[in-house]
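What follows is one structure encoded as structure tokens, with my remarks underneath.
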Amino acid sequence: MLTLAIVADFARFLPLSNRPHGDESGVTSDRHAAEAGVVEQAAKLIARSGADEAEPLTRGFLREAGLEGLSPTDVADPAARLAATALAVRTGKRRGIRHLSRTVRALLLLGRKTATAIALDPTISGSVALYGATSASFDRRAVLVGHTVRATDAEWAFGRGPVLEGTAMEIVAFVLGISDRAPRLAAVD
């Protein structure tokens, strides 16, 4: 009887075993649509800034996001340039999580410069947080290792162990090196 319990418990952790089946036709590692949405969000944020600030904010965002090569050089209007860049991302080659993370980082930095709170779709914030937790600098990864990292305002969590929690944007900012505020140990009930 003990053997069956061990086997049953072990089977829970095998890939693709004992999980609910459903339509997975939309599952992809291509993040071009999400990244284009982040660029569009940056365009809206920059459009609210003053005319004098729009050009340097746009240049800074594109440089930080690594999108200068996709941005048209012949478009003078910053909002139109970002709209064209978003279209190039959306219709261009596959974009992975590394690209999305870099663009999200640029958006968060833009939010800091414009004193604007950034909100992202939980799918984007969760995937960027997970990627950041595995690719961040050693000291940031060391804070998270051996813990479950959970967003208090989104329905995502990853890892195993005692729970560290924070808002989705706090966690993303931490793993992307924008903030030094690490997720906090959750209160034990």
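Keep in mind that what you see is a predicted model, and the values were worked out from it rather than measured. The figures here come from the full heavy-atom set of this structure, side chains too, leaving out hydrogens, waters and symmetry mates.
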Looking at every heavy atom in both [X] and [Y], which two are closest together, and how far apart are they?
{"X": "A182", "Y": "V143", "answer": "CB-CG1, 3.9 Å"}
{"X": "L176", "Y": "S101", "answer": "CD1-O, 3.9 Å"}
{"X": "V89", "Y": "A36", "answer": "CG1-N, 3.7 Å"}
{"X": "P183", "Y": "F174", "answer": "CD-CD2, 3.9 Å"}
{"X": "W156", "Y": "P122", "answer": "CD1-O, 3.5 Å"}
{"X": "A133", "Y": "L144", "answer": "CB-CD1, 3.7 Å"}

Output for pair (D153 CG, T167 OG1), nearest 0.5 Å, gives 5.0 Å

What distance do I97 atom CD1 and S127 atom OG have between them, rounded to the nearest 0.5 Å?
4.0 Å

Any donor-acceptor pair under 3.5 Å linking the side chain of [X] with the backbone of [Y]?
{"X": "T103", "Y": "E35", "answer": "no"}
{"X": "H147", "Y": "V145", "answer": "yes"}
{"X": "T116", "Y": "T114", "answer": "yes"}
{"X": "Q41", "Y": "A119", "answer": "yes"}
{"X": "D30", "Y": "R94", "answer": "no"}

Side chain to side chain contact (heavy atoms under 4.5 Å, CB included) with A42: which residues, sequence neighbours excluded?
F61, L107, L110

For residues 63-82, dump all side-chain donor-acceptor pairs below 3.5 Å to protein atoms at least two apart in sequence or in another chain.
from : atom 1 : to   : atom 2 : distance (Å)
E64  : OE2    : R105 : NH1    : 2.7
S71  : OG     : T85  : OG1    : 3.2
D77  : OD2    : A80  : N      : 3.1
R81  : NE     : V75  : O      : 3.1
R81  : NH1    : E55  : OE2    : 3.3
R81  : NH2    : E55  : OE1    : 2.7
R81  : NH2    : E55  : OE2    : 3.2
R81  : NH2    : A76  : O      : 3.4

Among the clusters formed by ILVMFWY side chains lying less than 4.5 Å apart, do L87 and L100 turn up in the same one?
no

ILVMFWY cluster, L57 and I178 together (side-chain gap under 4.5 Å)
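Yes; I178 is reachable from L57 via cluster members.
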
Do [X] and [Y] have side chains that approach each other closer than 4.5 Å (heavy atoms only, starting at C-beta)?
{"X": "H32", "Y": "T91", "answer": "no"}
{"X": "R98", "Y": "S135", "answer": "no"}
{"X": "I171", "Y": "V149", "answer": "yes"}

Among pairs that include at least one residue of residues 163-172, which meet salt bridge (charged side-chain N to carboxylate O under 4.0 Å, His left out), considering only residues two or more places apart or in two chains?
R150-E165, E170-R181, E170-R184

Got a sec, which pairs hit salt bridge (charged side-chain N to carboxylate O under 4.0 Å, His left out) with one end in residues 106-121, sequence neighbours left out?
none

Going by salt bridge (charged side-chain N to carboxylate O under 4.0 Å, His left out), name the residues that satisfy it together with R141, two or more places apart in sequence or in a different chain.
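For R141 there are no salt bridge (charged side-chain N to carboxylate O under 4.0 Å, His left out) partners, ignoring immediate neighbours.
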
Pairs where residues 171-180 contributes a residue and the test side-chain hydrogen bond (donor to acceptor under 3.5 Å, both in side chains) is met, not counting sequence neighbours:
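As it turns out, the side-chain hydrogen bond (donor to acceptor under 3.5 Å, both in side chains) pairs with a partner in residues 171-180, which skip direct neighbours, are R140-D180.
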
Pair I118-L45, side chain to side chain contact (heavy atoms under 4.5 Å, CB included): steps then yes or no:
CA-CA 9 Å; I118 302 298; L45 216 157; 3.4 Å; yes

Any salt bridge between R90 and E40, counting N to O under 4.0 Å?
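Result for this pair is yes, salt bridge flagged.
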
What do the steps show when you test T148 against L164 for side chain to side chain contact (heavy atoms under 4.5 Å, CB included), and what is the final call?
CA-CA 6 Å; T148 296; L164 295 176; over 6 Å; no

